[in-house]
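Only this structure's heavy atoms are used, side chains among them; waters, hydrogens and symmetry mates stay out.
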Amino acid sequence: MRNEILERLRSGKHLQVALDFLEIRDALGVARQVADLGVILEAGTPLVKAEGIQGLLALRSLGDNIVVADTKTADAGDVEAEIAWRGKANIMTVLGAMDDSTVESAVRRARELGIVVQVDLIGVKDVVRRAEELLSLGVDIVGLHIGLDVQRKRGVTVADMREEIRYIGKKTILSVAGGLNPKSIAELMDLPVSIFVVGGAITRSQEPRKVAEEIVNILGRSTILASGD
């Protein structure tokens, strides 16, 4: 299963919808509107904390979408890999700022269970150096992420990290998150990004499906151009 998921992620560009809700009914309300578009469904960290394994299983019940458990694991990587697995998630996330031992624990157990490990570089100062270290530890996906608090305080988004995106994206499957919307995603189409994570632009919209469709169309056009068709 792990290899199948990685192959799916390597094929083109993908939209990941971050469902950062506290109630599973709210998450499902949005997820049901967009699941058939083939998007990745992310149980955001608030949802994982509030609803746990049952919340993950509820998202899994919607179909064969890739499901991410945004655990943002900070310790006991093996235990949290098991939580993601019990919830039938395909991907778990680990904080890149944590000790190597936590990352290694998550990678080891996740591979036993057939789960993909994404590292989240939120809060990391030198993301290029740390990404290279983490890839040597066996992580499958690197996530560049500008958190909400930093967006609000400094007025920056992940779209401001073009050089870091260009460098890391050539080495691995790259996910980017933090303040993205259709306009900023369209401006990043020349960069090697596999996964665009969008939360508020979709989940706080009056028409979540319409926004998701717009992004999927942007990504689809980019894939066609890249293939030369």
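- His14 places no side-chain N or O within 3.5 Å of a backbone atom of Val39 that could act as its donor or acceptor partner.
- For Arg209, the side chain to side chain donor-acceptor pair (under 3.5 Å) partners are Asp36, Glu213, not counting sequence neighbours.
- For the atom pair Arg86 CZ and Gln54 CD, the distance stands at 11.5 Å (nearest 0.5 Å).
- Here Asp64 does not pair with Arg8 in a salt bridge; the nearest charged N to carboxylate O distance is not below 4.0 Å.
- Proximity of a side-chain donor or acceptor of Thr102 to a complementary backbone N or O of Gly77 within less than 3.5 Å is not detected.
- You'll find the side chain of Ile173 reaches within 4.5 Å of the side chain of Arg10, heavy atoms only.
- Here the side chains of Leu15 and Ile202 are in contact, with some heavy-atom distance below 4.5 Å.
- Under the 4.5 Å side-chain criterion, counting only non-hydrogen atoms from C-beta, Leu9 is in contact with Ile66.
- Nearest approach of Val48 to Ala43, heavy atoms of both residues: CG2-O, 3.3 Å.
- Of all heavy-atom pairs between Ala177 and Val197, the closest is CB-CB, 3.6 Å.
- With sequence neighbours left out, Asp100 forms a salt bridge (charged side-chain N to carboxylate O under 4.0 Å, His left out) with Arg130.
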Hey, can you pull the donor-acceptor pairs under 3.5 Å for the side chains in residues 16-35, sequence neighbours left out?
| from | atom 1 | to | atom 2 | distance (Å) |
| --- | --- | --- | --- | --- |
| Gln16 | NE2 | Glu42 | OE1 | 2.8 |
| Gln33 | NE2 | Gly29 | O | 3.1 |

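- Residue pairs meeting the side chain to side chain donor-acceptor pair (under 3.5 Å) criterion with at least one partner in residues 163-179, sequence neighbours excluded, are Glu132-Tyr167.
- Annotation: side chain to side chain donor-acceptor pair (under 3.5 Å) contacts of Gln206 (sequence neighbours excluded): none.
- A donor-acceptor pair under 3.5 Å is formed between the side chain of Asn181 and the backbone N or O of Ser184.
- When the shell of 6.0 Å around CZ of Arg204 is examined, it contains 12 or fewer heavy atoms from other residues, nucleotides or ligands.
- Between Ala106 and Val117, the shortest heavy-atom distance links the atoms O-CG2, 4.0 Å.
- Residue pairs that meet the side chain to side chain donor-acceptor pair (under 3.5 Å) test with at least one member in residues 191-200, sequence neighbours left out, do not exist here.
- Side-chain contact between Ile141 and Val116 is present, with at least one heavy-atom pair separated by less than 4.5 Å.
- Here Asp70 pairs with Thr45, Lys72, Thr93 under the side chain to side chain donor-acceptor pair (under 3.5 Å) rule; sequence neighbours left out.
- Criterion: ILVMFWY side-chain heavy atoms under 4.5 Å apart, direct or through other members. Under it, Ile83 and Val119 are not part of a common hydrophobic cluster.
- In this structure, Asn65 CG and Leu41 CG are separated by 4.5 Å, a value rounded to the nearest 0.5 Å.
- Leu219 has its side chain within reach of Phe196: a pair of non-hydrogen atoms, C-beta onward, lies under 4.5 Å apart.
- Legend: residues meeting side chain to side chain donor-acceptor pair (under 3.5 Å) with Lys183, ordered by chain and number and at least two apart, are Glu187.
- Expressed to the nearest 0.5 Å, how far CG of Leu174 lies from CG of Leu191 amounts to 9.0 Å.
- Taking hydrophobic clusters as Ile, Leu, Val, Met, Phe, Trp and Tyr residues chained together by side-chain heavy-atom distances below 4.5 Å, Val127 shares a cluster with Val94.
- Leu6 and Ile91 end up in the same hydrophobic cluster when Ile, Leu, Val, Met, Phe, Trp and Tyr side chains are linked at under 4.5 Å.
- Linking Ile, Leu, Val, Met, Phe, Trp and Tyr residues whenever their side-chain heavy atoms come within less than 4.5 Å places Ile40 and Ile5 in a single cluster.
- For Ala186, the side-chain contact (heavy atoms from CB on, under 4.5 Å) criterion is met by Ile218, not counting sequence neighbours.
- Residues passing the side-chain contact (heavy atoms from CB on, under 4.5 Å) test with Asp126 are Val128, Arg129, sequence neighbours excluded.
- Contact detail for Met92 and Ala84: the closest heavy-atom pair is CB-CB, 4.0 Å.
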Hey, mind stepping through Asp190 and Arg162 against side-chain contact (heavy atoms from CB on, under 4.5 Å) and telling me if it holds?
-> CA-CA 10 Å; Asp190 61 317; Arg162 292 183 67 90; 2.7 Å; yes
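- With sequence neighbours excluded, the residues satisfying side-chain contact (heavy atoms from CB on, under 4.5 Å) with Arg111 are Arg2, Val107, Asp140.
- The backbone N or O of Asp75 sits nowhere less than 3.5 Å from a side-chain atom of Thr73 that would complete a donor-acceptor pair.
- By the 4.5 Å heavy-atom criterion applied to side chains, Leu135 and Val142 are counted as neighbours.
- When side chains are defined from C-beta on, Val198 counts as touching Ile185, because their heavy atoms get closer than 4.5 Å.
- Between Leu113 and Ala81 the shortest heavy-atom distance is CD1-O, 3.9 Å.
- The shortest side-chain heavy-atom distance between Ile195 and Val176 does not fall under the 4.5 Å cut-off.
- Closest of all the heavy-atom pairs between Ile168 and Ala131 is CD1-CB, 3.9 Å.
- The distance from atom CG of Leu180 to atom CG of Leu188, rounded to the nearest 0.5 Å, is 6.5 Å.
- Every residue two or more places apart in sequence or in another chain that forms a side-chain contact (heavy atoms from CB on, under 4.5 Å) with Arg60 is listed here: Val67, Lys88, Asn90.
- Interatomic distance, CD1 of Ile165 versus CG of Leu144, reported as 6.0 Å (0.5 Å rounding).
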